[in-house]
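Remember, it's a predicted structure, so these values are computed and weren't measured experimentally. By convention here, the first residue in the shown sequence is residue 1.
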Amino acid sequence: MRAAAGGRAVFHLRPRQPWRAPPPRPPTTTTTTTALLSHSMPASRAHHRRLPKGFLPTLEPGVSAVYLCRRAHSTTCSVLMEDRLQGELDGAKGEVRKHETVGAFQKIPMVMPATDILMSAQRKSRNVPPTKGIANIAKRERNKGAKQLDALMKELSVPLRTYTENFPKRRDLHPYERSLIELTFGEGYYEQVLGRVDALRKRITSVGKQHASVCAKSTTKREAEERLTEGRKRLEEAFQHGKHAIDDLVNVAKALRSMPVVDLHIPTLCLVGSPNVGKSSLVCILSSGKPEVCSYPFTTRGILMGHIVSNHERFQVTDTPGLLTRHDDDRNNIERLTLAVLSYLPIAVLYVHDLSEDCGTSVADQYITYKHIKERFGGRLWIDVISKCDLLGKKAPMSLDGADEEVAQYRRFGPEGALQVSVQSEIGVKELKERVHQLLTSQMARIKADKAEHETQEAGTSVP
């Protein structure tokens with residue numbers, strides 16, 4: 001209160017009430033954990049707190065990580081805690097599920113040649129000075145030698161560790177990319193190269209630590225200099241002995257980065273057929289891809305990618321090596337690349353037939369190969385194209401003696417609903433482009449439906 005007395009203000013202060021502890025509240029899991037984990041409490045008191053018994057067993061089994069997020073309000077000193085669970089359980093195994101995607105080859109690190117790694121390590125290690133403040137010459141020299149050997153060891157081994165850690169593990173790759181590694185390098189070669197690089201790193205680390213320790217025990221300046229020279233020599237010899245593994249890794253990295261990039265979210269048209277039936281020519285008129293076009297079999301020795309832009313939409317198109325008429329176990333790696341695309345990528349198929357037999361493969365053999373591929377991958381969206389239709393009737397076909405009625409009908413009409421096209425005469429090209437656009441539009445709808453179904457399944461598994 002304030003009263004006037006003699007022109008001065010008079011304040012009457014009320015006595016302070018004694019402090020009383022608030023009544024205890026029944027403990028709950030949320031409030032107890034919040035109070036225990038709050039950052040607002042002093043550090044001197046926080047370390048005396050313990051999580052209540054029975055708290056950890058309440059978490060769901062198999063959870064990979066638990067993030068406790070706290071937000072402090074300074075005015076009310078209240079804390080809001082949220083639990084975030086990260087990771088997906090892989091059914092009964094309880095392992096974290098990884099969504100398979102492509103594009104890992106474009107993320108691998110650049111590999112320096114072995115000669116460049118060695119020269120850089122030598123230059124940097126020689127510039128390492130001894131620790132400041134060492135007055136004794138012998139101690140200063142042995143300190144310098146030990147530090148330079150340690151620096152040389154690290155400059156040689158750290159790049160190798162970076163390579164082995166950042167090159168993708170084969171088990172984590174998309175099945176399509178795993179098959180590319182196997183068909184390009186052979187079974188187990190990729191892992192062998194990475195294993196040899198890691199073995200070289202371990203050898204360099206062992207030799208470097210050994211000689212750095214010996215140099216650190218030198219008693220005279222001359223002894224320290226000799227042990228430094230010997231240590232450098234041994235490290236360089238060990239590196240030179242295993243440098244071929246680095247050179248092999250350089251070649252592996254170049255080959256992997258040159259692999260075609262396939263976007264699984266964009267519809268892809270895959271051209272399939274026997275060798276030299278005109279697949280590459282069709283790719284040229286359909287897309288931006290510019291494959292080699294020659295009149296001999298197996299012109300295409302790898303997976304060639306191009307893009308189609310139609311009605312402001314972008315699609316992918318790939319040219320694959322030709323398939324010969326034989327069992328899958330007898331196919332070479334070039335043919336197996338085609339089977340890998342058909343097996344592991346969400347593609348639509350444009351199967352090319354050459355009934356004029358200008359390709360060098362008989363109609364009977366083409367029919368056998370087509371029937372096998374159609375039975376195996378018939379669930380995909382599909383277009384049959386008879387290429388080189390301008391040559392039909394101009395060249396005497398190979399003999400069909402002993403052929404059954406199916407082969408004879410295939411020779412006369414081709415597959416049911418097949419589109420006749422000639423790139424040279426531009427017959428059926430416009431209709432082919434329209435059919436391809438309709439096919440890829442349907443493929444886009446299928447991809448979106450599969451994605452929506454996958455997201456629905458994810459949402460269902462994430463709900464406790």
*Atom of N276, atom of D354 and distance for their closest heavy-atom approach*: O-OD2, 4.5 Å
*Would you call the rings of Y367 and Y370 parallel, tilted or perpendicular, where under 30° means parallel and over 60° means perpendicular?*
tilted
_Expected output: side-chain R196 to main-chain G242 donor-acceptor under 3.5 Å_ = no
*asked:* Whether R201 and D198 form a salt bridge (side-chain N of Lys/Arg under 4.0 Å from carboxylate O of Asp/Glu) is what I want to check.
replied: yes
*Where do V407 and I368 land on the side-chain contact (heavy atoms from CB on, under 4.5 Å) test, with the steps shown first?*
CA-CA 9 Å; V407 177; I368 294 173; over 6 Å; no
*H437 side, atom NE2; S442 side, atom OG - distance, nearest 0.5 Å*: 9.5 Å
*Are the side chain of R178 and the backbone N or O of D172 linked by a donor-acceptor pair below 3.5 Å?*
no
*asked:* If I take atom CD from residue E313 and atom CD1 from residue I308, how far apart are they, to the nearest 0.5 angstrom?
replied: 11.5 Å
_Student check: side-chain heavy atoms of R203 and H241 closer than 4.5 Å_ = no
*asked:* Between R170 and E182, does any NZ, NE, NH1 or NH2 come within less than 4.0 Å of an OD or OE carboxylate oxygen?
replied: yes
_Any non-hydrogen side-chain atom of L160 less than 4.5 Å from a side-chain atom of I246?_
yes
_Atom CD of residue position E416 - does it have more than 12 heavy atoms of other residues, nucleotides or ligands inside 6.0 Å?_
no
*Report the relative orientation of the aromatic rings in H353 and Y351; use parallel for angles under 30°, tilted for 30 to 60°, perpendicular for over 60°.*
tilted
*Evaluate the side-chain proximity of F185 to L256: yes if any heavy-atom separation is below 4.5 Å, no if none is.*
yes
Just distance, no hydrogens or angles: give the donor-acceptor pairs under 3.5 Å from side chains in residues 187-194, sequence neighbours left out.
residue: Y190; atom: OH; partner: P168; partner atom: O; Å: 2.7

*Just wondering, do F315 and V436 contact through their side chains at under 4.5 Å, heavy atoms?*
no
_Looking at every heavy atom in both V111 and A253, which two are closest together, and how far apart are they?_
CG2-CB, 4.0 Å
_Heavy-atom pair of closest approach, residues G428 and L419_ = O-CD2, 4.2 Å
*Go through the steps to decide whether T184 and M259 satisfy the test side-chain contact (heavy atoms from CB on, under 4.5 Å), and finish with yes or no.*
CA-CA 10 Å; T184 303; M259 295 290 181; 3.1 Å; yes
*Hey, which of V317, L345, T318 is the one that makes side chain to side chain contact (heavy atoms under 4.5 Å, CB included) with C270?*
T318
*How about Q424: does its CD atom have over 12 heavy atoms from other parts shown lying under 6.0 Å from it?*
no
*asked:* Closer than 4.0 angstrom, basic N to acidic O: yes or no for R412 and E405?
replied: yes
*So, K388 side chain and L355 main chain: donor-acceptor pair closer than 3.5 Å or not?*
no
*Apply the test side-chain contact (heavy atoms from CB on, under 4.5 Å) to residues K448 and M444: give CA-CA distance (whole Å), side-chain angles for both, the deciding distance (0.1 Å), then the verdict.*
CA-CA 6 Å; K448 290 181 178 179; M444 172 65 81; 3.7 Å; yes
_Testing the basics here: between I204 and M153, what is the closest heavy-atom pair and its distance to 0.1 Å?_
O-CG, 3.7 Å
_Would you say that L350 contacts L432 through its side chain, given a criterion of any heavy-atom pair below 4.5 Å between the two side chains?_
yes
*Do R232 and Q122 get their side chains close enough for a donor-acceptor pair, meaning under 3.5 Å?*
no
_Contacts of type salt bridge (charged side-chain N to carboxylate O under 4.0 Å, His left out), residue R257, not counting sequence neighbours_ = none
*Shortest non-hydrogen separation from K124 to V128 and the atoms involved*: O-CG2, 3.5 Å
*Give, for atom OG of S179 and atom CG of L173, the distance between the pair rounded to the nearest 0.5 Å.*
10.0 Å
_Taking Q316's backbone N and O only, do any of them form a donor-acceptor pair with T268's side chain (distance below 3.5 Å, no angle check)?_
no
*Main-chain N/O of D116 paired to S120 side chain as donor or acceptor, under 3.5 Å*: no
*Taking atom OG of S157 and atom CG of L152, what is their separation to the nearest 0.5 Å?*
9.5 Å
*asked:* Set out, in order, the CA-CA distance, both residues' side-chain angles and the distance that settles side-chain contact (heavy atoms from CB on, under 4.5 Å) for E155 and L235, then state yes or no.
replied: CA-CA 11 Å; E155 292 294 335; L235 274 172; over 6 Å; no
*What distance do I266 atom CD1 and H307 atom NE2 have between them, rounded to the nearest 0.5 Å?*
6.0 Å
*Can you tell which of K154, Q148, K147 makes a side-chain hydrogen bond (donor to acceptor under 3.5 Å, both in side chains) with D150?*
K154
*Would you say R435 and V421 make side-chain contact, with heavy atoms under 4.5 Å?*
no
*If we only count heavy atoms from C-beta on, is the P113 to K243 side-chain gap below 4.5 Å?*
no
*Work out which heavy atom in T369 is nearest to a heavy atom in L323; give both atom names and the distance.*
CG2-CB, 4.0 Å
*To the nearest 0.5 angstrom, please state how far the NZ atom of K430 sits from the CD1 atom of I285.*
14.0 Å
*Heavy-atom side-chain contact between I427 and Q420 under 4.5 Å*: no
